[in-house]
Asker: 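One structure coming up, written as structure tokens, with questions to follow.
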Amino acid sequence: MTKSPETPDRGENQPEPSWSVLLTRRVAAEVRYWREQRGMSALQLARKTAELGYQLPRSVLANLENNRRDTVTVAELLILAAALDVPPVLLIAPVGRESDIEMLPRTRTTPWRARGWIHGAVEPNYPGFSPTLWQQSRRAITLYDIHRLLVREHQQIQRRIQQLADQEHLVVDEITSDDLRLSRGPLADFVNELAYSFDRLRMHRGLIKSEGFRLPDLPPSISAAMKETAPSGRHRQASEDDQDDHLLPPLVYQELMASRPDLGGDKPDQESRD
């Protein structure tokens with residue numbers, strides 16, 4: 001069959017889609033995948049976005065899923081993720097569904113590493129990347145992550161104390177620090193560890209505040225108890241020259257130190273100069 005000269009072949013001389021277009025198509029493919037996993041029609045998904053306060057008409061969803069749209073906005077990405085009950089990052093970095101993706105123009109990596117980059121947990125590898133600036137910018141993330149770990153540790157100690165107190169038929173709120181029942185045994189150890197945990201949490205919150213960040217919220221029980229208790233003094237075993245964050249558990253301290261950029265007079269990174 002002879003082709004009409006006025007009808008160009010769609011497969012010939014078509015430029016390769018740009019990185020941004022391919023990114024949009026990846027998001028579209030993930031939206032379709034998760035919509036089908038949820039057993040939702042495009043109309044149902046459109047209605048769900050309306051219920052969430054930012055309606056995406058069915059026609060918009062159809063154009064997106066059929067690659068008739070070359071862009072997707074941040075607002076659209078977030079509302080679709082919420083409507084599908086999917087972490088937003090999975091619409092960009094489909095962990096477990098692709099072996100590698102083009103994270104940035106001409107920069108390919110696994111979806112897992114791309115997810116880590118978006119979360120601020122994994123250093124990327126793109127031209128001109130500066131580890132120093134990266135660590136500097138993610139400092140608040142590190143501090144908040146460690147705060148979350150310290151809160152979780154404290155809650156675990158509280159639960160263990162409650163379990164041991166129940167075994168001894170004791171009421172936790174009635175136990176005092178000079179109670180003879182705490183002179184020996186695991187309950188005494190955990191009560192002491194609870195005081196130590198309070199100190200670590202106090203000091204870490206002081207560090208967060210000293211670096212100019214807003215303090216994260218505490219669970220009501222810990223917040224109230226912290227106001228009612230004084231520092232145990234166990235941390236004072238360290239010298240006055242030691243910074244408060246030296247008194248964190250070793251693994252937590254190592255993570256904190258790794259996140260702290262050394263900007264004082266050191267030579268700039270090679271990446272920064274390029």
Side-chain angles (χ1 to χ4, degrees), residues 8-37 42 45 49 54 56 59-145 254-255 257-263 266-274:
D9 189 334
R10 293 182 179 272
E12 295 178 358
N13 301 322
Q14 293 294 313
E16 288 291 326
S18 66
W19 166 76
S20 63
V21 171
L22 292 175
L23 175 60
T24 299
R25 291 182 181 177
R26 187 191 315 144
V27 171
E30 293 309 302
V31 168
R32 179 191 289 272
Y33 170 80
W34 287 108
R35 177 176 63 76
E36 293 175 349
Q37 288 292 308
L45 180 56
T49 62
Y54 189 85
L56 294 181
S59 59
V60 170
L61 297 176
N63 287 336
L64 179 64
E65 290 189 6
N66 290 285
N67 296 332
R68 293 194 293 265
R69 289 190 71 195
D70 290 343
T71 60
V72 60
T73 68
V74 174
E76 291 169 341
L77 177 75
L78 294 177
I79 205 68
L80 285 168
L84 293 165
D85 290 315
V86 171
V89 67
L90 285 183
L91 299 184
I92 302 173
V95 176
R97 288 188 18 83
E98 293 188 34
S99 59
D100 75 326
I101 59 174
E102 193 174 15
M103 179 182 72
L104 291 170
R106 300 178 299 282
T107 301
R108 303 193 68 86
T109 189
T110 63
W112 177 253
R113 290 194 64 84
R115 167 208 176 266
W117 173 56
I118 294 170
H119 282 190
V122 177
E123 287 191 359
N125 183 23
Y126 51 77
F129 170 68
S130 169
T132 297
L133 295 179
W134 162 266
Q135 294 294 351
Q136 179 188 25
S137 63
R138 71 178 299 274
R139 176 70 172 169
I141 295 176
T142 300
L143 291 171
Y144 268 56
D145 281 347
Q254 291 171 13
E255 181 178 349
M257 289 301 99
S259 77
R260 175 169 289 165
D262 185 2
L263 301 177
D266 288 347
K267 295 180 181 180
D269 289 339
Q270 179 66 39
E271 293 90 341
S272 303
R273 296 193 299 265
D274 293 341

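Reckoned from all heavy atoms, side chains included, excluding hydrogens, waters and symmetry mates.
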Asker: Would you give the length of the straight line joining atom CG of Leu104 to atom OH of Tyr126, rounded to the nearest 0.5 angstrom?
Answerer: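 Leu104 atom CG to Tyr126 atom OH measures 7.5 Å (nearest 0.5 Å).
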Asker: Go through the steps for Leu45 and Leu80 under the test side chain to side chain contact (heavy atoms under 4.5 Å, CB included), then give the verdict.
Answerer: CA-CA 8 Å; Leu45 180 56; Leu80 285 168; 4.0 Å; yes
Asker: Taking atom CH2 of Trp112 and atom CD1 of Ile101, what is their separation to the nearest 0.5 Å?
Answerer: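 With rounding to 0.5 Å, CH2 (Trp112) is 13.0 Å from CD1 (Ile101).
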Asker: Keeping to residues at least two apart or across chains, list the salt bridge (charged side-chain N to carboxylate O under 4.0 Å, His left out) pairs with something in residues 64-80.
Answerer: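 Output for this query lists Arg32-Glu65, Arg35-Glu65, Arg69-Glu76.
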Asker: How close do Val89 and Ile118 get, heavy atom to heavy atom, and via which atoms?
Answerer: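 For Val89 versus Ile118, the nearest heavy atoms are CG2-CD1, 3.8 Å.
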Asker: Is there any salt bridge (charged side-chain N to carboxylate O under 4.0 Å, His left out) pair reaching into residues 100-113, and which pairs are they, with sequence neighbours excluded?
Answerer: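 Residue pairs passing salt bridge (charged side-chain N to carboxylate O under 4.0 Å, His left out), neighbours aside: Asp100-Arg108.
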Asker: Rounded to the nearest 0.5 Å, what separation is found between the OG1 atom of Thr24 and the CG atom of Leu64?
Answerer: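 With rounding to 0.5 Å, OG1 (Thr24) is 7.5 Å from CG (Leu64).
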Asker: Identify the heavy atoms of Thr49 and Ala83 that sit nearest to each other, and give their distance.
Answerer: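 Where Thr49 meets Ala83 most closely, the heavy atoms are CG2-CB, 3.9 Å.
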Asker: Can you name the nearest heavy-atom pair linking Arg138 to Ala121, along with the distance?
Answerer: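 Distance-wise, the nearest heavy atoms are NH2-CA, 4.0 Å.
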Asker: Taking the side chain as every heavy atom from C-beta outward, state whether Arg25 and Pro17 have any pair of such atoms under 4.5 Å apart.
Answerer: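 With C-beta onward as the side chain, the pair touches.
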Asker: Going by distance alone, is a donor N or O of one side chain under 3.5 Å from an acceptor N or O of the other, for Ser130 and Thr132?
Answerer: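 Short answer, no.
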Asker: Rounded to the nearest 0.5 Å, what's the gap from CG on Leu90 to CH2 on Trp34? Could you check?
Answerer: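 Rounded to the nearest 0.5 Å, the CG-CH2 separation comes out at 6.5 Å.
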Asker: In Å and rounded to the nearest 0.5 Å, what is the CD to CD distance from Gln37 to Glu30?
Answerer: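 One finds 10.5 Å between CD of Gln37 and CD of Glu30.
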Asker: Please lay out, stage by stage, how Thr107 and Asn125 fare under the test side chain to side chain contact (heavy atoms under 4.5 Å, CB included).
Answerer: CA-CA 8 Å; Thr107 301; Asn125 183 23; 5.8 Å; no
Asker: Minimum heavy-atom separation for Leu77 and Val27, please, with both atom names.
Answerer: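 Reported closest heavy-atom pair: CD1-CG1, 3.9 Å.
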Asker: Using every non-hydrogen atom in the two residues, find where Pro124 and Met103 come nearest and quote the distance to one decimal.
Answerer: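 Closest pair (atom of Pro124, atom of Met103, distance): CB-CE, 4.1 Å.
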Asker: Are the side chain of Thr110 and the backbone of Ser99 linked by a donor-acceptor contact shorter than 3.5 Å?
Answerer: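 Checking the backbone N and O of Ser99 against the side chain of Thr110, no donor-acceptor pair under 3.5 Å is found.
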Asker: Say whether, by atom type as modelled, one donor and one acceptor occur between the side chain of Arg115 and the main chain of Ala93 under 3.5 angstrom.
Answerer: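 Absent.
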Asker: Could you check whether atom CD of Glu16 has more than 12 heavy atoms from other residues, nucleotides or ligands sitting under 6.0 Å from it?
Answerer: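 Atom CD in Glu16 is not packed in, count stays at 12 or less.
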